[in-house]
Amino acid sequence: MDAQILMYSGYAAVGLIIVIFVIIFRLHKRKKQGENVEAGKANKVASFDDNDTRSIITKSDQYVAGGSKSGFFVTSSAEQSANFASTSLLVLTSPVVNGLKFDDLLKAPAELLGRGRHSTLYKIVLENGVLLVVKRIKDWEISTDDFKLRMQRLNQVKHQNVLPAVAFYCSKQEKLLVYEYLQKGSLFRLLHGAQMGQAFDWVNRLSIAATIAETLAFMHQEFRSDGIAHGNLKSSNILLNKNLEPCISEYGLVPLDNQGFKADVCGFGVILLELLTGKLVKNEGVDLATWVHSVVSEEWTGEVFDKLLISGGASEERLVNLLQVALKCVNKSPEARPSMKQVAVMIVTLKEEEERSICTSVSVFSENF
Ligand SMILES: Nc1ncnc2c1ncn2[C@@H]1O[C@H](COP(=O)(O)OP(=O)(O)OP(=O)(O)O)[C@@H](O)[C@H]1O
């Protein structure tokens, strides 16, 4: 009997040991599977960067430049390390910033250029002296994937009068865009800055208007089927390149909107009104388009124009013609506004008339001397 009890206890002990081994083996296997899944995820994220891009891990929780915090990043370092696998700077094809690394942005001295409702803008200087601007976009309800797709799509369409992004960065918390810094400033500054448009005569204003109109018509045509309009067209987003030609910046950085193209036409109309009147869009609380309408309806049309244009000898007939185009663009009803293509045709026609009249006056002048 004792021998039997001893035998059964032995079986039980062996059985228990086997069960313990099986449990340990299963737990170990489960842990290994977990590690493989994590490794797989990391590989997947890394593979996004294969094409013409460089993946970088953020290092600090706040960007410190020249001793001052620029505030590129608002996320904590804990959040960042949790998300590091999805943080990457994508360098688009650009000769200006070949080989740009995220670290280069972090190290560069930065200066705050503007803080708007939807974004903050910094100017930075890279070690090699290249000047860039970094735009940090706030409150844009767009998924990381959609943002990447949008940036890649925008990068497929090039125009010499549109400033392309040279790189972008995107994580769940942050969306950054990097552009070349254009030193000649903006159309806004040319009109309303210290010079107050003094060195900006009618021929140049008309030429700039025609270039912006043609460029925007091109962009609308290219992005019509994607529904991507500029979305925030205004004179501070028209920069001047080194040849003082206009360069449209920040194209397509807003949510898709059915009325986006017509909103751009209205934005362009307001730019025309600024060029014609030399006045700010909002002056002592009065909206420029409303003011122009009120003056024109009282038949004081001549009063709306920038005195510098009149004293500079601009043809009042062509000023009025351009004003009529502007008023069509700012029509309260979006459906009644012309397309950018139609606007471009009207303004190019006016510009050609202007050029013909200059040629005629030059030849009359030379015949008389
Ligand atoms: N790439 C650039 N090069 C030089 N100056 C720039 C560049 N991008 C923007 N700026 C200028 O920096 C200033 C701030 O720009 P920011 O985009 O923050 O302001 P905004 O255009 O007035 O507003 P929003 O946030 O609605 O675009 C503006 O005067 C703008 O003309």
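In this chain, residues are counted from 1 in sequence order.
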Just wondering, do D306 and R205 contact through their side chains at under 4.5 Å, heavy atoms?
yes
Between L323 and L273, does a side-chain contact (heavy atoms from CB on, under 4.5 Å) hold up when you go through it step by step?
CA-CA 7 Å; L323 180 64; L273 292 180; 3.8 Å; yes
Please tell me if the side chains of V162 and T215 come closer than 4.5 Å, counting only heavy atoms from C-beta onward.
yes
Shortest non-hydrogen pair, R337 vs C329, comes out as CD-O, 3.0 Å
Can L240 be reached from F188 by stepping across I, L, V, M, F, W or Y side chains whose heavy atoms are under 4.5 Å apart?
no
Rounded to the nearest 0.5 angstrom, the CG-CG distance for N204 and L244 is 8.5 Å
Close side-chain approach of L131 and I124, heavy atoms under 4.5 Å:
no
Mind checking the OG-CG spacing from S171 to L176? Nearest 0.5 Å is all I need.
8.0 Å
Evaluation steps, ring pair (Phe, Tyr, Trp, His ring centres under 6.0 Å), between F223 and F261:
CA-CA 10 Å; F223 288 111; F261 296 108; 8.8 Å; no
Between L256 and R150, is any pair of side-chain heavy atoms under 4.5 Å apart?
yes
Salt bridge or not for E274 and K279, using N-O below 4.0 Å?
no
Between side-chain atoms of residues 224-232 and protein atoms elsewhere (two or more places apart, or another chain), which donor-acceptor pairs fall under 3.5 Å?
residue : atom : partner : partner atom : Å
D226    : OD1  : R153    : NE           : 3.0
D226    : OD2  : R153    : NE           : 3.2
D226    : OD2  : R153    : NH2          : 3.1
H230    : ND1  : N232    : N            : 3.0
H230    : ND1  : L233    : N            : 3.4
H230    : NE2  : S249    : O            : 2.7
H230    : NE2  : E250    : O            : 3.4

For a quick check under 3.5 Å, do S357 and R318 share a side-chain donor-acceptor pair by atom type?
yes
To the nearest 0.5 angstrom, please state how far the CD1 atom of I142 sits from the CG atom of D139.
13.5 Å
State, yes or no, whether a side-chain contact exists between Q324 and N321 at a heavy-atom distance under 4.5 Å.
yes
Could you walk me through whether Y181 and V130 pass side-chain contact (heavy atoms from CB on, under 4.5 Å), step by step?
CA-CA 8 Å; Y181 178 80; V130 169; over 6 Å; no
Is it true that V254 and M340 fall in one hydrophobic cluster, defined by side-chain heavy atoms closer than 4.5 Å?
no
Least distance between heavy atoms, A210 atom then K351 atom
CB-CD, 3.7 Å
When rounded to the nearest 0.5 Å, the distance separating CG of D287 from NE2 of H293 is 9.0 Å
Could you go through the side-chain contact (heavy atoms from CB on, under 4.5 Å) check for M151 and L253 one step at a time?
CA-CA 9 Å; M151 291 310 130; L253 304 188; 3.8 Å; yes
Residues M219 and Y251: closest non-hydrogen pair is CB-CE1, 3.5 Å
Is the shortest side-chain heavy-atom distance between I212 and L187 below 4.5 Å?
yes
Name of the residue among K135, R136, K138 meeting salt bridge (Lys or Arg N to Asp or Glu O under 4.0 Å) with E174:
R136
Kindly check if the number of other-residue, nucleotide or ligand heavy atoms within 6.0 Å of CD (E335) is above 12?
yes
Between S311 and L308 (side chain of the first, backbone of the second, donor and acceptor by atom type, cut-off under 3.5 Å), is there such a pair?
yes
Around atom CD of E127, are there more than 12 heavy atoms from other residues, nucleotides or ligands closer than 6.0 Å?
no
E316 to G302 - nearest heavy-atom pair and separation
OE2-CA, 3.8 Å
If you round to the nearest 0.5 Å, how far is CD1 of I310 from NZ of K307?
7.5 Å
To the nearest 0.5 Å, how far apart are CG in N331 and NZ in K262?
9.5 Å
Hydrophobic clustering (ILVMFWY, side-chain heavy atoms < 4.5 Å, transitive) - are F147 and Y179 grouped together?
yes
Classify the ring geometry between F102 and Y169 as parallel (under 30°), tilted (30 to 60°) or perpendicular (over 60°).
parallel
Do the side chains of L149 and W140 join up, straight or via other hydrophobic residues, at under 4.5 Å, putting them in one cluster?
no
Is any side-chain heavy atom of L272 less than 4.5 Å from a side-chain heavy atom of I347?
yes
Are L322 and L327 connected in the hydrophobic side-chain network, where two residues link if heavy atoms are under 4.5 Å apart?
yes
Can D264 and H220 be counted as having a side-chain donor-acceptor contact under 3.5 angstrom?
yes
Determine the minimum heavy-atom distance between C247 and Q160, stating which atoms define it.
SG-O, 4.2 Å
State, to 0.1 Å, how close L154 and G252 come at their nearest heavy-atom pair, and which atoms those are.
CD1-O, 4.0 Å
Return yes when atom CG of N243 has more than 12 non-hydrogen atoms of other residues, nucleotides or ligands closer than 6.0 Å, and no otherwise.
yes
Evaluate the criterion side-chain contact (heavy atoms from CB on, under 4.5 Å) for residue pair L216 and I248; output intermediate values, then yes/no.
CA-CA 8 Å; L216 210 54; I248 300 175; 3.9 Å; yes
Check: E298 side chain, V295 main-chain N or O, donor-acceptor pair, under 3.5 Å
no
For a 4.5 angstrom cut-off between non-hydrogen side-chain atoms, does T211 reach E245?
no
